[in-house]
Asks: 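Provided herewith is a single structure, encoded as structure tokens, for subsequent inquiry.
Naming convention: chains lettered A, B, ... in sequence-line order (proteins, then strands); numbering from 1 in each chain.
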There are 2 protein chains.
Amino acid sequence: MTVTLADVAARAQVSPATVSRVLNGNYPVAASTRERVLRAVDELDYVLNGPASALAAATSDLVGILVNDIADPFFGIMASAIQAEIGGPGGRAGGERLAVVCNTGGSPERELTYLTLLQRQRAAAVVLTGGAVEDQPHAAAVAAKLRKLTEAGTRVVLCGRPPAPDTRAVALTFDNRGGGRQLTEHLIGLGHRRLGYIAGPEERTTTRHRLEGHRAALAAAGIEEDPRWTVHGRYDRRSGYEATLELLRRDPSLTAVVAANDSVALGACAALRESGLRIPEDVSVAGFDDLPFSIDAVPSLTTVRLPLAEAGARAGRIAMGREEPPPGEIATVRGELMVRGSSGVPRR
Amino acid sequence: MTVTLADVAARAQVSPATVSRVLNGNYPVAASTRERVLRAVDELDYVLNGPASALAAATSDLVGILVNDIADPFFGIMASAIQAEIGGPGGRAGGERLAVVCNTGGSPERELTYLTLLQRQRAAAVVLTGGAVEDQPHAAAVAAKLRKLTEAGTRVVLCGRPPAPDTRAVALTFDNRGGGRQLTEHLIGLGHRRLGYIAGPEERTTTRHRLEGHRAALAAAGIEEDPRWTVHGRYDRRSGYEATLELLRRDPSLTAVVAANDSVALGACAALRESGLRIPEDVSVAGFDDLPFSIDAVPSLTTVRLPLAEAGARAGRIAMGREEPPPGEIATVRGELMVRGSSGVPRR
DNA sequence: AGCCGCACAGCAAGCGCTTTCTACGCAAGA
DNA sequence: TCTTGCGTAGAAAGCGCTTGCTGTGCGGCT
């Protein structure tokens, strides 16, 4: 027995149409009438029925944000920035949108299901964050979905994700390749010649690009890479710990370990320390992302800072139509090398 | 020009009613008919109109998760666990719900606005995580809102938040007081008598409870507390850094620093180190929560582990009606003291 | 004085789905 | 053979809102 528009109308002695117009503020209503309506709304504690409104108006105030792992600050920071711009509540009037964060857990199926769910809700916009899975059929399915969404008027923005061709989706891509290369060049510059690499999960764009950057740096320096120097794992600390032990087992003469991201790097540090190796005297370590805790590691982590919050904010604004998309609908966001205590001259 | 139920019905040569029933699977439909309908759905790429469906059925598949700060893993971990149970996609059939994470940024207004938005969407359930703001009028407003929600059939669960009386909301409360007490007792047991405390923002239940636990331990040990030993800040690293410098300035003879949470503790460690103090030889440090990175600090952090993921999962299940609420609608979740390298015998 | 146009307000037709109630056909029981 | 009843499908009445179009009253114009 909830209160409806009609109840409010009756109480304010006006027609439902008028109440609707007062609430939406998109049609002239005499001040006195508005006043009366607003009072009735208040007295009856009326709350608009979202679905009904969305149905009639054929629009919705939902904005979806897809992330791979909400427990990872990498995504949390971006999501936070995006949501702040979406305005959730607090944004300028008229833009009261419900920004919803959907956690795909990195699973292609869930990603697709969430997209369908958002499509079903006729979401106003969708922001996809983080690397994409490189499985061909899945990529095609996602692309098809995105195309459908844009066709239906949903704005689609990719944040920290490679462009999706033929989808009209705006892409803010992180320069993972460039960042990876800078990082490894830095280590090579210090004199390292035997570098281990702990990569993320295979079949992920982020993983591949960072690794490619690393290899490009090696190649440019004329260093021939030993296949034993690369190990794949997940993007978490645990994985870094285990992978490092594995690397050490394979080749104890490594003088540097480059990790897929900061969490992995932290795990690597732990493993090295437990193996009795000092950082950076015995082995240098480098991460990626520059998450807040990275500066607190001991020694603090050499890494590549990605402007997560800035990129997220921009993606949010574009999704809201408050900022022009970049020319060509694609922009590359660069990382910045942060040289800190965990990298140093190799032991000899 | 989107495809509607009627289009599918026409194509499958059945009535819209039948299509609806096939899609919802809540009514007997002959296998051959179902087959035909499903094929039509597929061929037309039909996607159900969420708002329309929600309107007609007077139910929704939205579940809201309110968090104070999505960029903080404390909330990220809980949100992730909750969402996994909500099923989002991937949950068992029939329960395909859209779990949405709403970031309040700790602001009472936004919290309220989000609740209204969820109420407007006729959310199936709402989970509020983390400490509440202790502002009286605001607390009353939230309580009123929660009451409205439960009355409207929305299940409300509080996770890591104190019970809200008279709201029929289920509460899984963290024993912040007990955890705080254990932690400080541990330090006292090591011989500390001069302990600094970096508290969270005032007017927050979590802040107050942890501090009360700390003070209870001091009182029980007959230690008289110096008002200079407590500093308030935010729940982030930066705040811990600054507060520690302040504490050191006020009383350089402190032998231990207890922080409101792990991030703050990390900031404290950084400040101590920069001040030339060794941990734990010169000053012991303790955190709270036991977030993943805490074990990687050097030395690793003594803290109180809160079963964030477990509590979140349980909250999620209760919200979905898949688990019985605890007796009395209230359960207390205890923390576990994790003694690690950052705490030791005080310098003399 | 007569007419026009403007500023508001109401009517009513949907929006696309769910669900109750009714209709139909057929097999089984009387 | 006639009635029951079950298994299925359809007709149609909304769900609560938005919005194009249709009034209505009044001030200003000629």
Asks: Under 3.5 Å for both pairing distances: what stems, at least three Watson-Crick or G-U pairs long, include DNA chain D?
Replies: C:1-30 with D:1-30
Asks: Could you state the atom-to-atom distance from CG of B:Asn24 to P of C:dT20 in whole Å?
Replies: 12 Å
Asks: For the backbone of A:Gly105 and the side chain of A:Asp69, can you confirm whether one donor and one acceptor N or O come within less than 3.5 Å of each other?
Replies: no
Asks: Starting at CD of A:Glu35 and ending at P of C:dC8, how long is that distance when rounded to a whole Å?
Replies: 15 Å
Asks: Just by modelled atom types, is the A:Ile70 backbone N or O under 3.5 Å from a matching donor or acceptor in the A:Asn103 side chain?
Replies: yes
Asks: Quick one: which of D:dG10, D:dG16, C:dC17 gets closest to the side chain of A:Leu55?
Replies: D:dG16
Asks: Stepwise, does the side-chain contact (heavy atoms from CB on, under 4.5 Å) test hold for A:Val100 with A:Leu118?
Replies: CA-CA 10 Å; A:Val100 310; A:Leu118 288 166; 4.3 Å; yes
Asks: What is the separation between atom CD on B:Gln121 and atom C1' on D:dC17, rounded to the nearest whole Å?
Replies: 13 Å
Asks: For the side chain of B:Asn49, counting heavy atoms from C-beta on, which of D:dG16, D:dT18, C:dG16 is nearest?
Replies: C:dG16
Asks: Return the nearest nucleotide to the side chain of A:Ala56; candidates are C:dA9, C:dG14, C:dT18.
Replies: C:dG14
Asks: Could you tell me how far apart B:Leu44 (CG) and C:dG16 (P) are, to the nearest whole angstrom?
Replies: 15 Å
Asks: OP1 or OP2 of D:dC15 versus the side-chain N and O atoms of A:Thr4: is any pair under 4.0 Å?
Replies: no
Asks: With A:Thr116 as reference, evaluate A:Lys145, A:Gln121, A:Glu111 under the side-chain hydrogen bond (donor to acceptor under 3.5 Å, both in side chains) test and give the passing residue.
Replies: A:Lys145
Asks: Expected output is a numbered-order residue list: members of residues 7-20 of chain B with a heavy atom under 4.0 Å from any atom of DNA chain C. What is it?
Replies: B:Ala17, B:Ser20
Asks: Side chain to side chain donor-acceptor pair (under 3.5 Å) for A:Ser15 and A:Thr18? Distances and angles first, verdict last.
Replies: CA-CA 5 Å; A:Ser15 73; A:Thr18 302; 3.2 Å; yes
Asks: Could you state the atom-to-atom distance from CG of B:Leu5 to P of D:dA11 in whole Å?
Replies: 14 Å
Asks: Ignoring hydrogens and angles, are the base of C:dA7 and the side chain of A:Tyr27 linked by a donor-acceptor pair under 3.5 Å?
Replies: no
Asks: Figure out the CZ/C1' separation between B:Arg122 and D:dC17, and round it to whole Å.
Replies: 11 Å
Asks: Give a yes or no on whether B:Gln13 atom CD has more than 12 heavy-atom contacts from other residues, nucleotides or ligands under 6.0 Å away.
Replies: no
Asks: Taking the side chain as everything from C-beta on, heavy atoms only, tell me whether B:Val67 gets closer than 4.5 Å to B:Ile65.
Replies: yes
Asks: Assign each of B:Ser32 and A:Ala52 to its nearest nucleotide of DNA chain D by heavy atoms, then name whichever residue's nucleotide is nearer the 5' end.
Replies: B:Ser32
Asks: Checking salt bridge (Lys or Arg N to Asp or Glu O under 4.0 Å) for the pair B:Glu323/B:Arg314: CA distance, chi angles, key distance, verdict?
Replies: CA-CA 8 Å; B:Glu323 176 174 323; B:Arg314 185 162 171 211; 3.0 Å; yes
Asks: On DNA chain C, compare the nucleotides closest to B:Ser53 and B:Arg21; which residue's is nearer the 5' end?
Replies: B:Ser53
Asks: Using whole Å, what does the distance between atom C1' of nucleotide C:dA9 and atom CG of A:Leu23 come to?
Replies: 16 Å
Asks: Check step by step if salt bridge (Lys or Arg N to Asp or Glu O under 4.0 Å) holds for B:Glu151 and B:Arg168.
Replies: CA-CA 9 Å; B:Glu151 275 166 14; B:Arg168 292 179 41 201; over 6 Å; no
Asks: Counting only N and O atoms by type, is there a donor-acceptor contact under 3.5 Å from the side chain of B:Arg147 to the main-chain atoms of B:Asp166?
Replies: yes
Asks: Would you indicate, yes or no, if C:dA9 has its OP1 or OP2 atom less than 4.0 angstrom from a side-chain nitrogen or oxygen of A:Thr33?
Replies: yes
